[in-house]
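These notes are about the structure you will find just below.
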Number of protein chains: 2
Amino acid sequence: MSTSAPAALAWSTDNCPVGRAMDILGESGTVIVLREIFNGVRRFELMQRHSGLSRAVLSHRLALLVEHGIVQRVAYREPGDRERHEYRLTQRGFDLQPVMVALADWGGRHLSGADGPAVEVEHAGCGARAHVALVCEDGHQIDRLRDVRTRPGPGALPFTP
Amino acid sequence: MSTSAPAALAWSTDNCPVGRAMDILGESGTVIVLREIFNGVRRFELMQRHSGLSRAVLSHRLALLVEHGIVQRVAYREPGDRERHEYRLTQRGFDLQPVMVALADWGGRHLSGADGPAVEVEHAGCGARAHVALVCEDGHQIDRLRDVRTRPGPGALPFTP
DNA sequence: ACTCTACGTCTGTTTGACAGACTCAGCCAG
DNA sequence: CTGGCTGAGTCTGTCAAACAGACGTAGAGT
């Protein structure tokens with residue numbers, strides 16, 4: 001492997017998509033909240049008890065997710081109770097599913113105990129386990145991960161130290 | 001959609017793969033460090049200047065990644081210089097590529113400016129853009145994300161409040 | 001009037017991030 | 001052999017955020 005300067009150094013990280021995504025998802029608890037919502041736990045009290053997050057953090061992360069249009073706060077009313085609100089994914093939030101499945105895949109493979117993973121993802125159509133895979137727009141399945149590389153996109157900016 | 005209690009509430013989150021993954025990846029800067037290394041930036045000084053992370057955080061996150069076997073610290077020597085070290089992905093680290101690509105996909109689609117994403121991922125074989133997709137072990141491509149759901153795996157533990 | 005539940009906010013403590021200065025080891029120039 | 005240069009961290013003082021847990025509140029039921 002060459003020791004010449006990596007090409008990535010020529011490009012700014014200011015508008016890096018990974019960095020922008022992590023500005024939201026990297027806040028403590030954000031992904032845990034999303035896990036609860038993806039699993040159908042949409043109400044504050046249940047989320048708090050199930051996830052173990054502190055009430056303050058849960059409150060702040062829900063506000064952050066609403067602010068970024070990833071979840072929306074929706075009114076509901078149980079019979080004989082007053083109106084309350086729950087949190088549902090928007091399309092933007094639903095589009096995070098590959099991220100969540102990729103995390104579950106990796107965590108299940110590399111961080112599980114001897115019993116195996118605590119969660120599996122299944123294809124509702126056939127019941128088989130589902131995973132993420134890399135595919136290209138020409139329809140090739142990408143098996144060897146070294147066959148994939150990054151390149152600057154249309155929004156890339158030069159790196160200024 | 002029913003308002004009955006979500007099935008997920010019956011299961012503990014203690015050994016959740018997503019939670020375990022985020023115990024590492026959720027620390028501030030972890031994913032940024034991984035982005036640099038995936039892009040070929042493997043040396044402390046270059047990582048620090050390119051990513052903008054503080055030296056202290058970079059140092060701590062590299063130590064965390066080494067501790068969890070995601071990167072390894074490898075000696076190298078440039079001609080006419082003393083021995084130094086750089087950071088390379090292990091197999092466990094390389095297995096995070098779907099997570100990184102999923103993050104880049106989502107960030108590029110939902111958080112880019114008008115110019116489009118700053119980074120694209122390409123299939124080295126054909127040059128077309130690459131994305132993550134969901135597939136099941138029976139070989140079905142999963143197009144509608146609602147066709148996927150989670151279920152308790154062999155390591156699942158009951159939820160105890 | 002009192003209680004219950006769901007949904008937060010407040011408080012005091014402790015942990016962690018930040019910018020930037022400092023340290024250190026080895027190589028090289030003079 | 002003294003002084004400077006580079007890469008790779010560590011240290012320091014300040015400020016923001018997380019934590020556990022108590023408290024507040026709105027409306028429905030008893």
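Within every chain, numbering begins at 1; the chains are lettered A, B, ... in the order of the sequence lines, protein sequences first and strands thereafter.
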Exercise. Would you please confirm or rule out a distance under 4.0 Å between OP1 or OP2 of dA17(C) and any side-chain N or O of R61(B)?
Key: yes
Quiz item: Counting any heavy atom closer than 4.0 Å, what does R49(B) reach on the DNA or RNA strands: base, sugar-phosphate only, or nothing?
Solution: nothing
Quiz prompt | Side chain of A56(B) (C-beta onward), nearest among dA18(D), dC7(C), dC11(D) | solution = dC11(D)
Quiz item: More 5' along DNA chain D: H60(B) or S28(A), using each one's nearest nucleotide?
Solution: H60(B)
Exercise. Indicate whether the side chain of R73(B) and that of Y87(B) have a donor and an acceptor atom separated by less than 3.5 Å.
Key: yes
Exercise. Establish, for the pair R49(A) and F159(B), whether the NZ or CZ atom is under 6.0 angstrom from the six-membered ring centre and no further than 45 degrees off its axis.
Key: no
Quiz prompt | Interatomic distance, E83(B) CD vs dG9(D) P [rounded to whole Å] | solution = 12 Å
Quiz prompt | F44(B) CZ - dG7(D) P separation (whole Å) | solution = 12 Å
Exercise. Using atom CD of E86(A) as one end and atom C1' of dG8(C) as the other, report the distance to the nearest whole Å.
Key: 16 Å
Quiz item: What nucleotide, of dT5(C), dC10(C), dG8(C), holds the atom closest to the side chain of R84(A)?
Solution: dT5(C)
Quiz item: How close or far is atom C1' of dA17(D) from atom CG of L53(A), stated in whole angstroms?
Solution: 14 Å
Exercise. For the pair Q48(B) (side chain) and L53(B) (backbone), establish whether a donor and an acceptor sit closer than 3.5 Å, ignoring hydrogens and angles.
Key: yes
Quiz item: How close or far is atom P of dT5(C) from atom CD of Q48(A), stated in whole angstroms?
Solution: 15 Å
Quiz item: Taking atom C1' of dT23(C) as reference, at what distance in whole Å does atom CD of E45(B) sit?
Solution: 14 Å
Quiz prompt | Selection from dC27(C), dG8(C), dA6(C) that lies nearest to any side-chain heavy atom of R82(A) | solution = dA6(C)
Quiz prompt | Closest listed nucleotide, where the reference is the side chain of R55(B) and the choices are dA21(C), dA18(D), dC27(C) | solution = dA21(C)
Quiz item: Looking at dG7(D), dA6(C), dA18(D), which one has an atom nearest to any side-chain atom of E27(A)?
Solution: dA18(D)
Exercise. Mark yes or no for whether R20(B), through its side chain, and L111(A), through its backbone, hold a donor-acceptor pair below 3.5 Å.
Key: yes
Practice problem: To the nearest Å, give me how far apart CE (M47(B)) and C1' (dG7(D)) are. | Solution: 12 Å
Quiz item: Does S59(B) place a side-chain N or O at less than 4.0 Å from the phosphate oxygens OP1/OP2 of dT10(D)?
Solution: yes
Self-check item: Intermediate values then yes/no, salt bridge (Lys or Arg N to Asp or Glu O under 4.0 Å), R43(A) and E78(A)
Solution: CA-CA 12 Å; R43(A) 300 180 185 178; E78(A) 296 279 322; 3.1 Å; yes
Practice problem: Please work out if H85(A) contacts a base, only the sugar-phosphate, or nothing of the nucleic acid, heavy-atom cut-off 4.0 Å. | Solution: sugar-phosphate
Exercise. Measure the distance from CG on L62(A) to P on dA6(C) and round it to the nearest whole Å.
Key: 16 Å
Practice problem: Return no unless some side-chain N or O of Y76(B) is found under 4.0 Å from OP1 or OP2 of dG7(D). | Solution: no
Quiz prompt | Y87(A) side-chain N/O to dG8(C) phosphate OP1/OP2 under 4.0 Å | solution = yes
Self-check item: S112(B) side-chain N/O to P17(A) backbone N/O, donor-acceptor pair under 3.5 Å
Solution: no
Quiz item: Closest to the V57(A) side chain: dC19(D), dA6(C), dA8(D)?
Solution: dC19(D)
Quiz item: To the side chain of S54(B), which of dG8(C), dA19(C), dG9(D) is closest?
Solution: dA19(C)
